[in-house]
**Student:** 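Next up is a structure, given as structure tokens.
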Amino acid sequence: MRKWLILFTICLAWSLMWIDFTAVNVALAPIANDLHTSLGTLQWVITSYTLASAALMAIGGRLGDMYGHRHLFIIGTFVFVISSALAGFAPTASLLILSRVGQGVGIALVVPITTALVYLTFDKKQTGLALGFLTATTGISMAIGPTVGGILITYLNWRWVFFINIPIGLFAIMMAFILISKSEKNKIIKIDFPGIMALSAGLVCFLLTLNQIPQWGLFSLNFWMAIIFSLLLLVIFIIIETRSREPLIHVDLLTHKTLIGVITLRTCVQYVFFVFMFVISLYMQNILGFNADKAGYFLLASTIILGALSPFAGHLMNYFSLRFLIAGSCLILAFSLIALIYAAQTQEIIYLFISLILFGIAFAIHFPTTNLAVLQIAPPHQSALVTGMLFTMAFAGASAGITLSSSLLNSLSNYKVTQLLTMTNLSLGNEQIYSVQTIASGAQSLSKIFAILPANIANEGKLIAQQGFVFSFSGVLFICLFLAILAMFIAILTLKNVKNKVTPSLRTYILDI
């Protein structure tokens, strides 16, 4: 009985990551309206979380080996709980973003050691079943996150999206103290702190540069100097890795074309996943006028399918090649994006619903199959390192996607609003133009236009703001569409010789990671 209670404790902590991510996406519009923040600042609510996770995810397992898995599990969960409390009480966007960094650090410490704890707790015969429960937790958490978030926001406020983490996390910590035994420590392992610092600095500099696109422009000297500096930091990271005894990324793996192909296509698709969840929440609440709980119910069309179908992806592997399944998932994702672009152009809800369904199907197939492909390709003694590379690059892609999409929403909407104002000869003051542009970027509700403009021109201003958003929204999604198609071709070209020979227990494992 004790080992199943330990599994329950692990599942509680595991659920925090997915519930928090999906619920916070629903909360973005209320956060923007309450804290009066711009879209460029708002995107850091998500990016700070994914960036901290990307920088530290690769070393979570090693820290567990050094200090004990039980010890690190408790510390990581406690860091997440404290950060959630600070996020809930945050009076400004800046403090909220700092709190989200803390949440990312906590999750980066907990997630890599959850599978290790399962292996230490259960015997070989029961490991597959235990990991299956952990997999089911992912699906259930993603499914209930938008609904729970929507209900909390509608009947309380957005701060409760963070407060809800506190009792769950504290209960998991208490259970861990009581149930999980202390594991043996290994003080020999060395953590690549210079590599972590160089990678983090390079990613932060790169993301900050993307965030400045609306102010600097793509062809400015400042932009390209910052890009070159970011790349130099990443080159320094590679140099550090070649000389480190315990590198975050083994440089020799970078010459493995098939492995790099899988990691690249997963990074592209992870970009699309996070951007889709980021922009569709703004679209439904600030443009379509959905309240938070209605937006949460709509997102269930994706998350329920993703959670329910992911475990069955293992059965598809018995009948289809990994190349076919991964390329097929990218194609389904492309159709999902086309449906969403059409929904934005026509304002027809049925296409929004179709897009969400296809999105869920695509990722229900894509996540487990790419996990398996990486494990099949990686040398057996380096599977943990390769999995760390996959998570690091995937979360880095997610961070870049949200930052770039935010900048493009700002730039493209400003361009379109300026163009439409010129064409219609609508005379507005500078402050009114800025407000219309802010609404057109998706950062504020479309309904606020009536408080900004006089009644005789409010409807015309609303139409301009709506058209500005649709233009920028479609531009962001076209980039996602390009990446989905690119990922499909990478899968076709690089996975020719990858076989999906996998035992039932390993299949359950890859569904989990």
**Student:** Sub-3.5 Å donor-acceptor pair from the side chain of S329 to the main-chain atoms of I326, do we have one?
**Tutor:** yes
**Student:** Would you say the rings of F359 and F363 are close, in the sense that their centroids are separated by under 6.0 Å?
**Tutor:** yes
**Student:** Quick one: does R100's side chain have a donor or acceptor within less than 3.5 Å of a partner on V45's backbone?
**Tutor:** yes
**Student:** Checking the side chain of R159 only, and the main-chain atoms of A90 only, is there a donor and an acceptor separated by less than 3.5 Å?
**Tutor:** yes
**Student:** Can you tell me if S413 uses its side chain to pair, donor with acceptor, with the backbone of L409 under 3.5 Å?
**Tutor:** yes
**Student:** Closest approach of L408 and I479, non-hydrogen atoms and distance?
**Tutor:** CD1-CD1, 3.2 Å
**Student:** Look only at the side chain of S336 and the backbone of S355, and say whether a donor-acceptor pair between them is shorter than 3.5 Å.
**Tutor:** yes
**Student:** What's the shortest heavy-atom distance between F290 and I349, and which atoms?
**Tutor:** CZ-CD1, 4.0 Å
**Student:** Would the distance check show the side chain of S15 and the main-chain N or O of L12 forming a donor-acceptor pair, the cut-off being under 3.5 Å?
**Tutor:** yes
**Student:** Could you check whether S99 and Q103, counting side-chain N and O atoms only, form a donor-acceptor pair closer than 3.5 Å?
**Tutor:** no
**Student:** Provide the closest heavy-atom pair for V275 versus I402 in the form atom of the first, atom of the second, distance.
**Tutor:** CG2-N, 3.9 Å
**Student:** Between S48 and W44, is there a donor-acceptor pair closer than 3.5 Å when you use the side chain of the first and the backbone of the second?
**Tutor:** yes
**Student:** Just wondering, more than 12 heavy atoms not from K462 lying within 6.0 Å of its NZ?
**Tutor:** no
**Student:** side-chain hydrogen bond (donor to acceptor under 3.5 Å, both in side chains): which pairs involve residues 469-478, sequence neighbours left out?
**Tutor:** Q345-S474
**Student:** For L356, is there any backbone N or O sitting under 3.5 Å from a side-chain donor or acceptor partner on S302?
**Tutor:** yes
**Student:** Ignoring hydrogens and geometry, is there a side-chain-to-backbone donor-acceptor pair from S441 to T438 under 3.5 Å?
**Tutor:** yes
